[in-house]
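Notes for the one structure printed next.
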Amino acid sequence: MMLLQMDVAFIIEKLILITIILFGSLGIAMYATWGERKVAAIMQDRKGPSRAGPFGLLQPLADGVKLFMKEEIIPDSSTRFLFILGPCLAMLTALLTSAVVPWGPDFQLAGRTVSLQVADINIGILFIFGVLSVGVYGVMLGGWASNNKFSLLSSIRAASQAISYELAMGLSLIAVIMMTGTLSLREIVAQQHGFWDGGFTWIAFRQPIGFLVFLICTFAELNRAPFDLAEAESELNMGFHQEYSSMKLGFYLFAEYINLFVSSVILSTLFFGGYNFPFMDAVQGAVPEWLFVIICVMVLLTKAVGFILFFMFVRWTLPRFRYDQLMKLGWKTLIPIALINMVITGIVVLARMK
Amino acid sequence: MVIQEALFWFLTVMAIVCALGVILSRNPISSVLFLIATFFAISGHYILLNAQFLGIVNIIVYAGAIMVLFLFVIMLMNLNADTEPQKNRLIQFAGVISGGILFLVVLAAMRTVGGTAVDHTTTDIGLIKNLGKVLFTQYVLPFEISSVLFLSAMIGAIVIGKKE
């Protein structure tokens with residue numbers, strides 16, 4: 001009965017939104033692979049992809065076709081079901097997170113308020129954490145099911161790294177939650193309205209240490225350089241996707257770039273004001289509503305692209321950590337810093353309340 | 001209500017089937033995976049009871065952290081049949097008896113509780129705001145004591161695990 005009572009328009013609206021977000025993040029992830037190669041090329045004084053289309057812009061398509069056409073190989077000694085489940089889980093969890101991100105402000109369309117967020121659950125941040133912690137299984141199952149020692153070692157590295165850094169990440173977020181007093185991403189973005197109201201509204205400026213800890217943990221969660229120990233070629237050959245071929249390998253590689261995009265969006269949402277920008281009230285008064293919404297979405301995407309570029313610059317600049325250094329940084333540096341930051345934030349919040 | 005009921009039955013069947021899978025499957029890895037699926041079913045129940053916070057925390061803590069550690073250990077073990085330890089008859093017997101006694105206790109406890117159906121529409125104790133308030137006012141002493149217990153368990157594990 002509940003399903004019948006639900007508004008048909010509501011379902012259509014959400015379906016359209018989900019489709020746009022899905023294809024949007026797939027498209028951006030595709031071009032992130034191209035961007036990564038271009039950035040690497042520029043930083044190493046090379047040309048990068050330049051043959052497929054102008055500036056090599058068709059390169060991602062060529063890569064995709066290549067991956068699809070390759071032979072599908074499932075090793076004899078692998079656990080077949082889990083071997084296939086691994087990449088599926090990786091892709092699924094990569095795409096799930098974008099459901100709680102508010103992509104833009106509400107607007108009126110044909111007499112109803114349309115919200116640019118797939119699901120406004122009141123525990124949005126925890127949802128992201130839940131998906132993140134389940135995402136480890138994609139890598140772990142894939143690595144184990146391959147029945148290859150290098151894959152297993154790599155997947156164990158990836159999983160232990162993810163678990164270690166999740167702690168510091170959560171602790172740094174607690175400070176943000178205490179400041180805003182809410183777990184809903186929509187509320188957090190609403191509280192960062194504009195840029196300046198007698199003080200910075202963006203959380204990155206009010207909570208710089210928390211932001212730094214969160215940023216470093218994001219690198220680790222994404223398995224990106226300088227924390228890409230799961231893919232240390234010199235030690236582990238290719239890493240946990242050693243035995244994978246064709247589109248299953250493609251799923252793993254692609255999920256990584258989707259994660260990169262979604263993490264950038266979440267970083268901008270939590271710490272850099274989401275779709276808010278300076279002087280937005282003046283702009284809102286000056287332009288029609290649809291244009292304002294588009295500007296807001298574009299602002300969010302610009303911030304996300306900025307973060308993606310930052311991730312890429314770091315990857316091609318810094319060398320890889322050693323494994324003990326990685327663990328030391330996570331457990332002995334980031335967690336204490338995040339804890340102290342949390343306590344100080346708590347004291348300040350309490351003092352302000354009085 | 002129909003949707004809720006259908007979801008309830010789906011989740012219940014899933015939870016029981018997966019829980020049986022945990023103890024019946026031969027391969028330890030699939031046992032762990034069944035257990036993870038059971039946790040997801042239980043989280044679904046929490047969400048049906050309007051306790052989203054409990055549901056998501058169940059996933060983060062149990063499915064996301066503890067079971068990953070379980071998988072870790074099992075994946076690193078050598079899982080050949082001949083390395084499996086021989087089960088002692090006496091231990092099996094003791095297991096059956098203690099399990100039976102536990103079952104009896106649970107059954108007796110259920111009998112006294114039974115009869116009052118859980119109201120799953122109006123309760124919102126599982127929402128984070130209410131839960132936090134209750135934990136830090138009414139149950140603040142047990143809450144703090146249990147956190148001290150966790151701390152001592154952690155320290156104990158470190159002391160035991162430390163090489164001399």
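Below, chain A is the first sequence line, B the second, and so on; all start at residue 1.
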Sort by residue number and list every member of residues 159-174 of chain A having a non-hydrogen atom under 4.5 Å from chain B.
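Within residues 159-174 of chain A, the residues under 4.5 Å from chain B are A:A159, A:S160, A:I163.
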Ignoring hydrogens, what is the shortest heavy-atom contact between A:S133 and B:I60? Give both atom names and the distance.
OG-CA, 3.8 Å
Give, as side chain, backbone, both or neither, the part of [X] having an atom under 4.5 angstrom from any heavy atom of chain B.
{"X": "A:L132", "result": "neither"}
{"X": "A:I123", "result": "side chain"}
{"X": "A:L153", "result": "neither"}

What's the spacing between B:I56 CD1 and A:I128 CD1 if we round to 0.5 Å?
10.0 Å
Taking [atom1] in [X] as the centre, count heavy atoms belonging to other residues, nucleotides or ligands within less than 6.0 Å. Is the count above 12?
{"X": "A:L350", "atom1": "CG", "answer": "yes"}
{"X": "B:F10", "atom1": "CZ", "answer": "no"}
{"X": "B:F72", "atom1": "CZ", "answer": "yes"}

Can you name the side chain to side chain donor-acceptor pair (under 3.5 Å) partners of A:D324, sequence neighbours left out?
A:R322
List the residues meeting side chain to side chain donor-acceptor pair (under 3.5 Å) with B:S30, not counting sequence neighbours, and say none if there are none.
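Result, side chain to side chain donor-acceptor pair (under 3.5 Å) vs B:S30: none returned.
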Let me check something: any side-chain donor-acceptor pairs from residues 141-154 of chain B under 3.5 Å, sequence neighbours excluded? List them with distances.
{"residue": "B:S146", "atom": "OG", "partner": "B:P142", "partner atom": "O", "Å": "3.2"}
{"residue": "B:S146", "atom": "OG", "partner": "B:F143", "partner atom": "O", "Å": "2.7"}
{"residue": "B:S147", "atom": "OG", "partner": "B:E144", "partner atom": "O", "Å": "2.6"}
{"residue": "B:S152", "atom": "OG", "partner": "B:V148", "partner atom": "O", "Å": "3.3"}
{"residue": "B:S152", "atom": "OG", "partner": "B:L149", "partner atom": "O", "Å": "2.7"}

Which atoms of B:F39 come close to chain A, meaning under 4.5 Å heavy atom to heavy atom: side chain ones, backbone ones, both, or neither?
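Answer is neither: B:F39 stays 4.5 Å or more from chain A.
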Check: B:L33 main-chain N/O paired with A:Y137 side-chain donor or acceptor under 3.5 Å
no
